[in-house]
Protein chains: 2
Amino acid sequence: MRLTTKGRYAVTAMLDLALNQGKGAVTLQDIALKQEISLSYLEQLFAKLRGNGLVKGTRGPGGGYRLAQSAEAISVAAIITAVDEKADMTRCGGEANCQDGKKCLTHELWTDLSLEIYKFLDGITLFNLVNRPEVREVAERQEIEQQSHSSGLQSIVVESDQLTGTTNRY
Amino acid sequence: MRLTTKGRYAVTAMLDLALNQGKGAVTLQDIALKQEISLSYLEQLFAKLRGNGLVKGTRGPGGGYRLAQSAEAISVAAIITAVDEKADMTRCGGEANCQDGKKCLTHELWTDLSLEIYKFLDGITLFNLVNRPEVREVAERQEIEQQSHSSGLQSIVVESDQLTGTTNRY
DNA sequence: ATTTAACCAACTATAACACTTGGTTTTTTC
DNA sequence: GAAAAAACCAAGTGTTATAGTTGGTTAAAT
């Protein structure tokens, strides 16, 4: 169980999905703007999440992503595992071959810790997170910011599109 | 609290020190051979450990490092913190300024987890580790391997020294 | 037909880690 | 007092994963 911003991005994006479950599919464009993550990077993360059966995407206008399982069934640990696919930690990476094929001095310590972290993150589901008051608070703030953002931005993009011929993907 | 092989190296080395507390100072050369860590990298790690008051070094022949505090007083968390000096995790790195100066969606989740990990590692001291049977087992194996190693290696190094004019530092 | 959005592949930049090189200084030992 | 052993120090290099970019193709709705 590795911990990196990659996993954090994935959890944040999945939480965004869970929060907007009622409103149909959510586009990555949306998430990219709200959570300030590069769109293409999100695409790469969602390819893995989809491969692991955590989300399903629908193409075309009105399309986007939605959870493939209920929010109760998706744990934070599952999300991180899906995205990180055990880029194992050089030595002590699971097997006990850290020291010439044998266990290194601190082998048990790290496996114990890994288990501890896993248990913690496996005990927290998207459903749990959605119902946390702090999360709801931040989510509402983002909702408002996004509206003022997109209403202003959309027209700018359309105009500059005609002038420069380029569309910015972020 | 970041988790990387860097911290693992540091804990392993410190544990080696704790295990050999009775026999006076331990040289980094020794640790490098036994734990298979590059000597110069160890030097860098020990510079930080020394700076954080966890070890003290004595120079010259017969010198080396020993613990600056009792094994009971040194927690694994303290070692990792000393060596990692909070290369903070891009966003959500302690302060709540992950989203335009405000908290991001999953801020609490990561701070909770960090605290959990810290508590776990802070509850384990070098003294605890030294007394674990698996650790003692591995330590004994290393003791034997080192003896056959050094008695064989020392003469080889001396001989090849005179022939090639080079000394390998590892 | 056009637009929207998922889907896909290959490339680039950056940063941290792990390690190397080549020293100096201090202390012990002969 | 010379030589050796060790800590101490600074500046580099190689590698790897992350994070992001570029430039597409396909599927579905208006």
Side-chain angles (χ1 to χ4, degrees), chain A residues 2-10 13 17 24-33 35-51 55-66 80 83-91 93 154 157-158 161 166-170, chain B residues 2-10 12-13 17 24-33 35-51 55-66 83-91 93 154 157-158 161 166-170:
Chain A
R2 278 176 81 246
L3 294 173
T4 146
T5 51
K6 193 180 193 172
R8 271 196 280 280
Y9 277 166
L17 240 57
V26 181
T27 71
L28 293 188
Q29 182 71 249
D30 242 45
I31 299 177
L33 284 169
Q35 310 306 337
E36 298 178 2
I37 306 170
S38 123
L39 174 59
S40 308
Y41 197 41
L42 272 178
E43 283 178 344
Q44 287 167 44
L45 296 181
F46 271 74
K48 289 180 182 172
L49 294 172
R50 197 165 56 90
V55 297
K56 53 187 170 194
T58 52
R59 294 178 167 195
Y65 282 97
R66 60 189 86 207
I80 292 177
V83 135
D84 265 355
E85 51 200 34
K86 67 163 188 311
D88 85 313
M89 319 214 202
T90 325
R91 291 205 207 173
Q154 213 104 46
V157 168
V158 171
D161 205 359
T166 56
T167 34
N168 198 335
R169 297 234 272 168
Y170 183 64
Chain B
R2 276 177 83 249
L3 294 173
T4 147
T5 51
K6 194 179 193 174
R8 272 198 280 280
Y9 277 165
T12 303
L17 239 58
V26 181
T27 71
L28 292 188
Q29 182 71 249
D30 244 44
I31 298 176
L33 284 168
Q35 311 306 337
E36 298 178 358
I37 306 170
S38 125
L39 175 58
S40 307
Y41 197 42
L42 272 178
E43 283 178 343
Q44 288 167 44
L45 297 181
F46 271 73
K48 290 181 181 171
L49 294 171
R50 197 166 55 92
V55 298
K56 52 187 170 195
T58 52
R59 294 177 167 195
Y65 282 97
R66 59 189 88 209
V83 135
D84 265 356
E85 50 200 33
K86 65 161 189 313
D88 85 312
M89 320 212 199
T90 325
R91 292 208 207 169
Q154 214 101 47
V157 168
V158 170
D161 206 357
T166 57
T167 34
N168 198 335
R169 297 233 271 169
Y170 183 62

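On a predicted model such as this, the values are computed, not experimentally measured, just so you know. Chain naming here is simple, since letters A, B, ... match the order of the sequence lines and numbering starts at 1 in each.
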Report the distance from atom [atom1] of [X] to atom [atom2] of [Y], rounding to the nearest 0.5 Å.
X: A:Gln44; Y: A:Leu39; atom1: CD; atom2: CG; value: 10.0 Å
X: A:Lys6; Y: A:Ile80; atom1: NZ; atom2: CD1; value: 12.0 Å
X: B:Leu42; Y: B:Gln29; atom1: CG; atom2: CD; value: 10.0 Å

So what does B:Tyr65 touch, heavy atoms closer than 4.0 Å: a base, only the sugar-phosphate, or nothing? sugar-phosphate
Looking at the side chain of [X], which of [options] is the nearest nucleotide?
X: A:Glu43; options: C:dC8, C:dC17, D:dA28; value: C:dC8
X: B:Tyr9; options: C:dC19, D:dA6, D:dT18; value: C:dC19
X: A:Arg59; options: C:dA6, D:dT18, D:dA6; value: C:dA6

What is the distance, rounded to the nearest whole Å, between atom [atom1] of [X] and atom [atom2] of [N]?
X: A:Tyr41; N: C:dA10; atom1: OH; atom2: P; result: 19 Å
X: A:Asp30; N: C:dA5; atom1: CG; atom2: P; result: 8 Å
X: A:Gln29; N: C:dT3; atom1: CD; atom2: P; result: 16 Å
X: A:Ile37; N: D:dT21; atom1: CD1; atom2: P; result: 13 Å
X: A:Leu28; N: C:dC7; atom1: CG; atom2: P; result: 8 Å
X: B:Leu39; N: D:dC9; atom1: CG; atom2: C1'; result: 13 Å
X: A:Leu42; N: D:dT18; atom1: CG; atom2: C1'; result: 14 Å
X: B:Asp84; N: C:dA16; atom1: CG; atom2: P; result: 11 Å

A:Val26 versus A:Asp30, closest heavy-atom pair with distance: CG1-CB, 4.1 Å
A:Lys6 or A:Pro61: which one's nearest nucleotide on DNA chain D is closer to the 5' end? A:Lys6
Tell me whether the side-chain N or O atoms of A:Gln44 pair up with the base of D:dT18 as donor and acceptor below 3.5 Å, since no angle test is needed here. no
If only side-chain N and O atoms of A:Arg50 are considered, is one of them under 4.0 Å from the OP1 or OP2 phosphate oxygen of C:dC8? yes
At less than 4.0 Å, is any side-chain N or O atom of B:Ser38 found next to OP1 or OP2 of C:dT20? Yes or no. yes
Determine, stepwise, if the pair B:Leu17 / B:Phe46 fulfils side chain to side chain contact (heavy atoms under 4.5 Å, CB included). CA-CA 12 Å; B:Leu17 239 58; B:Phe46 271 73; 4.1 Å; yes
